[in-house]
Amino acid sequence: MSILVTGGAGYIGSHTCVELLNAGHEIVIVDNFSNSKPESLKRITELTKKEYKFYEVDLLDASELEKVFSENEIDAVIHFAGLKAVGESVEIPLHYYYNNITGTLVLCEVMKKYNVKRLVFSSSATVYGMPEQVPISEHFPLSATNPYGRSKLVIEEILGDLYISDPEWSIVLLRYFNPIGAHSSGRIGEDPNGIPNNLMPYITQVAIGKLTELYVFGNDYPTIDGTGVRDYIHVVDLANGHIAAIQKVLESTGFNTYNLGTGRGYSVLELVSAFQNVSGQKIPFKIVERRSGDIAICYADATKAKDELGWVAKRGIEEMCGDSWKWQKQNPLGYESQKESLVGRNH
Ligand code: NAD
Ligand code: UD1
């Protein structure tokens, strides 16, 4: 009896695999390494001292994915695998739609064939588009402003249709706010390709000297100091949200959506200041134009996850900054220096 984790070598997936293994679950990981490195899998083993099976499989390859289901007794699936860079999704929308949406369709077809009907899906706060007020609740209107966001929205709707067609399914949509931080060991963390798009990896790369200064996108928003406000959530808290969600899908049928956030917003400058205090590193910054498509304020109403999943985010902004910094300091090149293939190997 195992939980299949798609995209388990990635940032959130690897942290979730550690928490799943530590909680005593058996897991099978599938990833095509399109945005991750085999080294992250080795470190999952190192941190947990537990074994699991790994398949280097692309979700778009139905017959290879079928093998995973035929060779293992899968109970439920946590589906992280997807492409996530907003800017890139604007440049190559078809690739994003194909990978994210078709990948999910293939997965659901294979699940159906093997009578596996329990699924936790990685959605995003991006499906709220430009929210009219905060905190953001699950029942707020949904919209998309870019192909990445639209792929999430379409998948949410497809999964809703799937549940309507067959109420034996048990599906949880998790809408993440802004995951940052890393495992407290500093052994796994976020390893973006090229220049980071997101704030925290950009800050840590300035701190380590890889980038010279942070560009703050606008200081004329209606916020505490004019800079954008977000609900940053520690990736280990987020990972634990999946443990709660998997319990929910294993115990009951239904279709449920939960925000995973802390319920507290921090501005860009507040995050920079917290990071400087924790790390002792100065982060030089320059205020520049707003980034197109950005919203002023975004934070979650996470009471539904608390009431129904018994989950709350426990780690504060200092811990988030401290763990991001530890990961970056210990791995200045990310996983880069340890590239090697683990194809077909058990761990
Ligand atoms: P990530 O890129 O680190 O992890 C995704 C993993 O999926 C990667 O290891 C990648 O190689 C794999 N993958 C992609 N396409 C695949 C395919 N066709 N077949 C097999 N493997 C494939 O991203 P992450 O930050 O860990 O995000 C995980 C999920 O959470 C994604 O679906 C993302 O859209 C969603 N999400 C992330 C954030 C965030 O800020 N990180 C926020 C909201 C939602
Ligand atoms: C981004 C994605 C969003 C995704 C979310 C979580 C975009 C446009 N949106 O949102 O779809 O769901 O990540 O992964 O990419 N900032 C700077 N300088 C930087 C980087 C960011 O000032 O170099 C600011 C932004 O303007 C924002 C805040 O920092 O106010 C957070 O930015 P970011 O980490 O990119 O997350 P989101 O904008 O919330």
Side-chain angles (χ1 to χ4, degrees), residues 5-16 29-38 40-41 55-61 64-65 78-90 95-96 98-100 102-104 106-107 121-129 144-146 148-149 151-152 155 174-180 189-193 195-203 205-206 211 213-219 221 223 227-233 235 238-239 242 260 265-269 271-272 285-299:
V5 183
T6 76
Y11 172 45
I12 306 169
S14 57
H15 288 82
T16 303
I29 300 178
V30 162
D31 205 299
N32 66 355
F33 297 129
S34 57
N35 196 40
S36 53
K37 308 271 166 26
S40 72
L41 297 180
Y55 292 81
E56 186 172 345
V57 164
D58 192 314
L59 283 191
L60 296 162
D61 187 338
E64 283 297 304
L65 190 60
I78 306 182
H79 178 31
F80 292 105
L83 298 172
K84 62 166 183 176
V86 172
E88 189 181 61
S89 80
V90 176
H95 184 57
Y96 267 67
Y98 187 50
N99 190 76
N100 292 3
T102 310
T104 304
V106 171
L107 173 67
F121 172 64
S122 297
S123 189
S124 166
T126 192
V127 300
Y128 295 114
T145 51
N146 56 67
Y148 165 70
S151 76
K152 291 292 176 194
I155 295 167
L174 296 178
R175 294 183 182 146
Y176 314 152
F177 280 67
N178 289 61
I180 60 172
E190 187 172 12
D191 183 19
N193 284 326
I195 295 176
N197 297 310
N198 297 115
L199 181 59
M200 182 53 100
Y202 203 105
I203 290 175
Q205 292 199 11
V206 170
L211 298 168
E213 62 183 339
L214 170 71
Y215 300 108
V216 175
F217 299 143
N219 68 346
Y221 286 107
T223 63
T227 64
V229 167
R230 296 291 183 274
D231 186 340
Y232 297 99
I233 173 169
V235 67
L238 193 65
H242 294 73
L260 295 186
Y266 287 91
S267 74
V268 175
L269 295 182
L271 188 69
V272 168
F285 67 84
K286 185 155 84 193
I287 308 289
V288 297
E289 288 294 289
R290 290 180 177 195
R291 180 171 66 182
S292 127
D294 269 0
I295 52 178
I297 308 182
C298 173
Y299 58 89

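Every number for a ligand or one of its atoms is a count from 1 in the order of the listing. Positions are given from 1 along the sequence.
- For the pair Tyr176 and ligand 1, the shortest N or O to N or O distance does not fall below 3.5 Å.
- Of all the atoms in ligand 1, the ones that sit under 4.0 Å from a non-hydrogen atom of Asn35 are 1 (P), 2 (O), 10 (C), 11 (O).
- Heavy-atom proximity to atom 5 (C) of ligand 2, evaluated over Val272, Asn178, Ile12, is greatest for Asn178.
- Close approach to Phe33 involves these atoms of ligand 1, each under 4.0 Å from a residue heavy atom: 11 (O).
- Here the protein heavy atom with the shortest distance to atom 1 (C) of ligand 2 is Asn198 ND2, 3.5 Å.
- Protein heavy atom at the shortest distance from atom 24 (P) of ligand 1 is Lys84 NZ, 3.7 Å.
- Ranking the protein heavy atoms by distance from atom 32 (O) of ligand 2 puts Arg291 NH2, 3.5 Å first.
- Contact annotation: Ser34 has at least one heavy atom less than 4.0 Å from an atom of ligand 1.
- Residue-to-ligand polar distances place Ser36 within reach of ligand 1: an N/O pair is separated by less than 3.5 Å.
- Numbered from 1 in the order shown, with element, the atoms of ligand 1 that lie under 4.0 Å from a heavy atom of Ser124 read 43 (C), 44 (C).
- In this comparison of Gly13, Gly8, Ala81, the heavy atom closest to atom 7 (O) of ligand 1 sits on Ala81.
- Within ligand 1, counting atoms from 1 as listed, the ones closer than 4.0 Å to a heavy atom of Tyr148 are 33 (C), 34 (O), 35 (C), 36 (N), 43 (C), 44 (C).
- An N or O contact shorter than 3.5 Å links Leu59 to ligand 1 by distance.
- Ring to ring, His15 and Phe80 are not that close: their centroids are 6.0 angstrom or more apart.
- For the residue pair Asn32 and Asp58, the shortest heavy atom distance occurs at ND2-OD2, 3.2 Å.
- Side-chain contact check for Glu56 versus Phe33: some heavy-atom pair is nearer than 4.5 Å.
- Neither the backbone nor the side chain of Tyr176 comes within 4.0 Å of ligand 2, counting heavy atoms alone.
- Comparing heavy-atom distances from atom 25 (C) of ligand 2 across Leu269, Ile297, Val216, Asp294 singles out Asp294 as nearest.
- The two residues Asn100 and Ser151 make their nearest non-hydrogen contact at ND2-OG, 3.1 Å.
- Annotation for ligand 1: atoms under 4.0 Å from non-hydrogen atoms of Gly10 are 3 (O), 4 (O), 9 (O), 26 (O).
- Those atoms of ligand 2 that come under 4.0 Å of a heavy atom in Thr126, given as number and element, are 11 (O), 12 (O).
- Distances below 4.0 Å separate heavy atoms of Ser122 from the following atoms of ligand 1: 29 (C), 30 (O), 32 (O), 35 (C).
- Side-chain atoms of Asn35 never come within 3.5 Å of backbone atoms of Leu83 as a donor-acceptor pair (strictly under, hydrogens ignored).
- Atom numbering of ligand 2 starts at 1 in the shown order; those under 4.0 Å from a heavy atom of Ser124 are 12 (O).
- Between Thr16 and Leu238, every side-chain heavy-atom pair lies at or beyond the 4.5 Å cut-off.
- For Thr102, there are no side chain to side chain donor-acceptor pair (under 3.5 Å) partners at least two apart in sequence or on another chain.
- For atom 19 (C) of ligand 2, the nearest non-hydrogen atom of the protein is Phe217 CE1, 3.2 Å.
- For the pair Thr6/Leu59, a side-chain contact is recorded, criterion being any heavy-atom separation below 4.5 Å from C-beta on.
- Counting heavy atoms only, Leu199 comes closest to atom 21 (C) of ligand 2 of the residues Leu199, Leu271, Val206.
- Using a 4.0 Å cut-off between heavy atoms, Lys152 contacts ligand 1 through its side chain alone, with no backbone atom that close.
- Under 4.0 angstrom from ligand 1, the non-hydrogen atoms of Val57 all belong to its backbone.
- Across Asn32, Ile12, Asp61, Ile155, heavy-atom proximity to atom 38 (C) of ligand 1 is greatest for Ile12.
- The shell of residues lying under 4.0 angstrom from ligand 1, judged by heavy atoms, includes Ser123.
- Numbered from 1 in the order shown, with element, the atoms of ligand 2 that lie under 4.0 Å from a heavy atom of Asn197 read 20 (C), 35 (O).
- Proximity of Gly149 to ligand 2 is not established, as no heavy-atom distance is less than 4.0 Å.
- Between Asp31 and ligand 1 there is a heavy-atom distance shorter than 4.0 Å.
- The minimum heavy-atom distance linking Tyr148 with Ser124 is given by the pair OH-CB, 3.9 Å.
- The two atoms that bring Asn146 and Ser89 nearest to each other are OD1-OG, 4.1 Å, heavy atoms only.
- Counting all heavy atoms, side chain and backbone alike, Tyr221 lies closest to Thr227 at CD1-C, 4.3 Å.
- Between Glu289 and Tyr215, the side chains place no donor N or O within less than 3.5 Å of an acceptor N or O (distance only, hydrogens not considered).
- Taking atom 39 (C) of ligand 1 as the reference point, the nearest protein heavy-atom neighbour is Pro179 CG, 3.5 Å.
- Taking both residues in full, the closest heavy atoms of Phe121 and His79 are given as CD1-CD2, 3.6 Å, listed atom of the first, atom of the second, then distance.
- Asn219 places no side-chain N or O within donor-acceptor distance of the main-chain N or O of Ile287, the cut-off being under 3.5 Å.
- Residue Asp58 approaches ligand 1 through these ligand atoms, each under 4.0 Å from one of its heavy atoms: 17 (C), 18 (N), 19 (N).
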**Study point:** CA sep, side-chain torsions, deciding dist, call: Ile195, Tyr202, side chain to side chain contact (heavy atoms under 4.5 Å, CB included)
**Key:** CA-CA 7 Å; Ile195 295 176; Tyr202 203 105; 3.7 Å; yes
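- Nearest to atom 5 (C) of ligand 1 among the protein's heavy atoms is Gly82 O, 3.8 Å.
- For ligand 1, the polar-atom distance check finds an N/O of Phe80 within less than 3.5 Å of one of the ligand's N/O atoms.
- Taking 4.5 Å as the limit, some side-chain heavy atom of Arg230 sits within range of a side-chain heavy atom of Ile295.
- Nearest protein heavy-atom contact of atom 15 (N) of ligand 1 is Asn99 ND2, 3.1 Å.
- Within the 4.0 Å heavy-atom criterion, the part of Tyr232 lying near ligand 2 is the side chain and not the backbone.
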